[in-house]
Amino acid sequence: MEEYMLITKDLTKKYKNSTAVDGVNIHIRKGSIYGLIGKNGAGKTTIMKMISGMATPTGGSFSYEGFDEANKEAFSRIGALIEAPAIEPNLTAYDNMRIKCIAYGIGDKDYIYEKLALVGLDKTGKKKAGKFSLGMKQRLGIAMAMVGDPDFLILDEPINGLDPQGIVGIRDMLTRLNKEKNITILISSHILEELAKIATDYAIIDHGKIIEESTSKALKEKCRDKIVIKTPELSKALPIIDKAGFTDYSAIDDKTIHVFDRLTDISVLNMELAKAMVPVESIGVESSDLEEYFLKITGTIADLSDNN
């Protein structure tokens with residue numbers, strides 16, 4: 001039976017003249033890296049604020065492994081980095097961590113260095129955080145979010161604005177935390193190509209609503225190059241495709257077939273269907289990456305760089 005770290009049920013956030021999050025249902029599997037994808041103003045940050053206790057829902061509910069949002073114990077299991085890291089620029093990485101640890105009743109110096117080592121900041125010495133690169137500040141923010149040893153990290157655009165080296169560093173660190181520490185991670189990002197390299201699950205949100213929730217495996221299947229056949233007589237078409245020697249294909253709905261092998265033989269396939277008197281409404285090769293798929297199902301070519 002699947003274990004879930006977080007489940008939301010019709011989660012909603014309304015403001016005076018607008019609805020930012022509209023009846024959202026997401027299911028974050030324990031041990032997963034869950035990517036939240038959404039364009040400008042879609043509601044990503046608002047969802048993260050609600051499930052981390054920073055904003056109050058106006059409707060719906062959420063629960064953490066059996067704890068509902070009314071149980072304060074649930075929030076003690078969460079580490080969150082939403083919007084900018086709460087870093088004191090005139091303090092070192094160690095002293096920033098020390099302040100956070102004091103708030104949690106933790107006085108062990110080794111504990112602080114352990115967390116800094118996890119994010120690669122244990123050797124920054126007396127350098128003030130205000131002098132850190134953006135990537136180092138993000139890593140310090142993640143280290144601070146891990147104080148208290150949460151088993152669920154909520155990260156809002158942690159690679160936003162980073163150079164390629166910084167992106168790789170954050171990506172590798174998150175993968176390590178997920179695999180080695182078994183930390184479940186919810187991450188939003190507009191850099192979809194990078195998100196695709198680490199996420200195991202996705203939710204695509206548009207105008208406050210979840211359009212699609214999917215595993216990485218299922219989403220990659222949809223983004224594969226393929227021959228797409230539309231026919232009103234699917235039951236007749238499938239055995240013809242098989243007889244023609246195509247082996248990697250599947251029926252998507254009652255009139256759509258995706259064929260993933262021998263893409264250059266589309267004319268052969270079309271001819272075999274015609275010979276068998278199978279009516280074909282359309283046939284063609286489609287290809288898309290994650291970003292193209294996102295733009296297709298949201299029906300827009302909007303700017304993806306907003307943090308909301």
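Residue numbers start at 1 and run along the sequence shown.
Between Y113 and Y94, the distance from one ring center to the other falls under 6.0 angstrom.
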Steps toward side-chain contact (heavy atoms from CB on, under 4.5 Å) verdict (D122, E114): CA-CA 8 Å; D122 53 321; E114 175 194 339; over 6 Å; no
Trace of the side-chain contact (heavy atoms from CB on, under 4.5 Å) decision for V119 with K115: CA-CA 7 Å; V119 300; K115 292 294 182 283; over 6 Å; no
Pair K209-V24, side-chain contact (heavy atoms from CB on, under 4.5 Å): steps then yes or no: CA-CA 6 Å; K209 293 178 178 288; V24 161; 6.0 Å; no
Full working for side-chain contact (heavy atoms from CB on, under 4.5 Å) between T124 and T92: CA-CA 8 Å; T124 54; T92 64; 6.0 Å; no
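Annotation for M5 and T184: closest pair CE-OG1, 3.6 Å, computed over non-hydrogen atoms. Considering all non-hydrogen atoms of both residues, G141 and I87 come closest at N-CD1, 4.3 Å. Residues I26 and T8 share a closest heavy-atom pair of N-OG1, 2.9 Å. When every heavy atom of T46 is checked against every heavy atom of Y15, the shortest pair comes out as CG2-OH, 4.2 Å. Closest approach of D225 and F260 over heavy atoms only: O-CD2, 3.7 Å. Shortest non-hydrogen contact noted between Q138 and L81 is O-CD2, 3.9 Å.
Counting heavy atoms from C-beta on, the side chains of K13 and P57 never come closer than 4.5 Å. Inter-residue side-chain proximity for I47 and I205 is flagged as met; some heavy-atom pair is nearer than 4.5 Å. Looking at I33 and I187, their side chains come closer than 4.5 Å, going by heavy atoms from C-beta outward. At a threshold of 4.5 Å between non-hydrogen side-chain atoms, the residues M97 and L140 count as touching. Residues P89 and F132 are not in side-chain contact: their nearest non-hydrogen atoms beyond the backbone lie 4.5 Å or more apart. Annotation: side chain of L273 is in contact with side chain of I229 (closest heavy-atom distance under 4.5 Å). Residues I252 and I257 are not in side-chain contact: their nearest non-hydrogen atoms beyond the backbone lie 4.5 Å or more apart. The side-chain heavy atoms of I183 and N178, taken from C-beta on, include no pair separated by under 4.5 Å.
Formation of a donor-acceptor pair under 3.5 Å by the T231 side chain with backbone atoms of E233 is found in this model. A distance-only check finds no donor-acceptor pair linking the side chain of S189 to the backbone of L195 [under 3.5 Å]. Using modelled atom types, no side-chain atom of T19 and backbone atom of D22 make a donor-acceptor pair closer than 3.5 Å. The closest donor-acceptor contact from the side chain of E213 to the backbone of H27 lies under 3.5 Å. Panel note: side chain T12, backbone T58; no donor-acceptor pair is recorded below 3.5 Å. Side chain of K44 to main chain of G38: a donor-acceptor pair is present (N/O by atom type, distance under 3.5 Å, no hydrogens or angles). Under the 3.5 Å distance criterion, the side-chain polar atoms of Y64 are left unmatched by any main-chain donor or acceptor of F152.
Linking ILVMFWY side-chain heavy atoms closer than 4.5 Å, directly or via other members, places L121 and L91 in two distinct hydrophobic clusters. One hydrophobic cluster holds both M146 and Y104 under the rule that ILVMFWY side chains link at heavy-atom gaps under 4.5 Å. Cluster membership check: L134 shares its hydrophobic cluster with M144, using side-chain heavy-atom separations under 4.5 Å among Ile, Leu, Val, Met, Phe, Trp and Tyr. Cluster annotation: I102 is not connected to L116 through the hydrophobic network of ILVMFWY side chains, with a link wherever side-chain heavy atoms come within less than 4.5 Å. No continuous path of hydrophobic side-chain contacts links V168 to L162 [ILVMFWY only; heavy atoms under 4.5 Å].
Looking at D248 and R224, a side-chain N of the basic residue comes within less than 4.0 Å of a carboxylate O on the acidic one, giving a salt bridge. Contact check on E194 versus R171 returns a salt bridge, with a Lys/Arg side-chain nitrogen under 4.0 Å from an Asp/Glu carboxylate oxygen. Salt-bridge check for E281 with K255: passed, with a basic side-chain N closer than 4.0 Å to an acidic carboxylate O.
The environment of K197 atom NZ is dense: over 12 non-hydrogen atoms of other residues, nucleotides or ligands sit within 6.0 angstrom. With a 6.0 Å radius and a threshold of 12 heavy atoms from other residues, nucleotides or ligands, R262 has its CZ atom above the threshold.
S188 and D156 form a side-chain donor-acceptor contact under 3.5 Å, judged by distance and modelled atom types alone. Side chains of T215 and D201: a donor-acceptor N/O pair is absent below 3.5 angstrom, by distance only. Remark: the D253 side chain and the T256 side chain contain an N/O donor-acceptor pair separated by less than 3.5 Å. For D242 and Y249, the side-chain atoms include at least one donor-acceptor pair closer than 3.5 Å.
In this structure, the separation between CD1 on I7 and CG on N25 is 10.0 Å, given to the nearest 0.5 Å. If you take CE on M277 and CD1 on I240, they are separated by 12.0 Å, rounding to the nearest 0.5 Å. From S133, atom OG reaches atom CG of D163 across 7.5 Å, with rounding to the nearest 0.5 Å. Rounded to the nearest 0.5 angstrom, L153 CG and K181 NZ are separated by 12.5 Å. Summarising the geometry, atom CD1 belonging to I170 is positioned 11.0 Å from atom CE belonging to M136; distances are rounded to the nearest 0.5 Å. K131 NZ to N90 CG: the interatomic distance, rounded to the nearest 0.5 Å, is 9.5 Å.
With sequence neighbours excluded, the residues that form a side-chain contact (heavy atoms from CB on, under 4.5 Å) with M54 are K49, S52, I82.
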